[in-house]
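Ligands are counted one by one from 1 in listed order, and the atoms in each one are counted from 1 as well. Because the structure is predicted, anything quoted here is derived from the model rather than measured.
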Amino acid sequence: MKDTLKHRGKRNQLAEILVTKGIEDKAVLAAIRAVPRHLFIDSSFEDHAYQDKAFPIDADQTISQPYTVAFQTSLLHVKPGDRILEIGTGSGYQTAVLLHLKARVYTVERQLSLFKKTSLFFKKMGYRPKKFLFGDGYKGMPEEAPFDGIIVTAGAPEVPKPLLAQLAIGGRLVIPVGVADQTMMVIRRSSERKFERQSCGAFRFVPLLEDKN
Ligand code: SAH
């Protein structure tokens with residue numbers, strides 16, 4: 001598990017590509033330059049780590065495309081110390097980007113194999129989310145609400161109501177909504193009862209699965 005000058009060079013190139021694709025947020029770009037994405041995927045596929053592409057991880061899931069991670073993170077408007085809930089930990093790459101922005105991160109994963117693998121990886125790397133839960137992200141994390149931001153990294157057929165309820169006033173939910181492909185939605189809670197919605201383009205994610213039990 002090494003991070004070398006060569007890897008850092010590739011990350012700088014990746015950040016430049018994201019700039020050409022419209023990512024402007026300096027703090028987000030700094031996080032992309034800092035987080036060693038190659039360590040989040042199987043080492044035999046290391047060469048793929050700094051291409052702007054999604055990639056398979058365990059349990060038929062994917063590590064999101066760097067552009068998507070950067071775009072969703074920009075939409076969250078993270079400030080240091082913000083309480084951010086992430087649904088769909090997966091490889092932990094998005095989690096690490098949020099931690100680099102000095103957010104207090106709460107994250108949920110429903111695939112046990114990924115939960116175990118990523119828990120060990122976080123310990124090994126010294127990444128410290130405030131809470132890493134094995135469970136159903138549809139329900140959010142009511143015991144830790146309210147959140148300044150909630151990011152969903154799987155395609156949701158509809159916006160889960162518990163997530164809206166767990167947003168702080170002024171907080172934002174960034175969620176891809178749709179079945180076959182998704183529209184990136186930003187939902188800002190402007191008051192107790194008022195939610196402002198904005199559509200931010202088309203994406204394709206693995207599905208957000210609901211636990212029926
Ligand atoms: N942020 C991750 C994305 C992984 S893909 C990364 O970049 O690596 C989406 C993840 O959401 C998968 O790991 C999948 O298992 C998880 N997921 C799907 N439905 C979920 C649910 N209801 N609750 C929590 N996680 C869920």
Between the side chains of Glu46 and Lys2, is the shortest nitrogen-to-carboxylate-oxygen separation below 4.0 Å, so that they form an ion pair? no
Is Lys117 paired with Asp58 through a side-chain N to carboxylate O contact shorter than 4.0 Å? yes
Pairs touching residues 150-208 that satisfy ring-ring contact (aromatic ring centres under 6.0 Å, His included), sequence neighbours left out: Phe71-Phe203
Do the rings of Tyr93 and Phe40 sit parallel, tilted or perpendicular, given the 30° and 60° boundaries? perpendicular
Under 4.0 Å between a side-chain nitrogen and a carboxylate oxygen: does that hold for Arg110 and Asp136? no
Looking at Asp3 and Arg11, is there a salt bridge between them, counting it only when a charged N and a carboxylate O are closer than 4.0 Å? yes
What residues come within 4.0 Å of ligand 1, counting heavy atoms only? Gln61, Thr62, Ile63, Ser64, Glu86, Ile87, Gly88, Thr89, Gly90, Ser91, Gln94, Val108, Glu109, Arg110, Gln111, Leu114, Gly135, Asp136, Gly137, Tyr138, Thr153, Ala154, Val206, Pro207, Leu208, Leu209
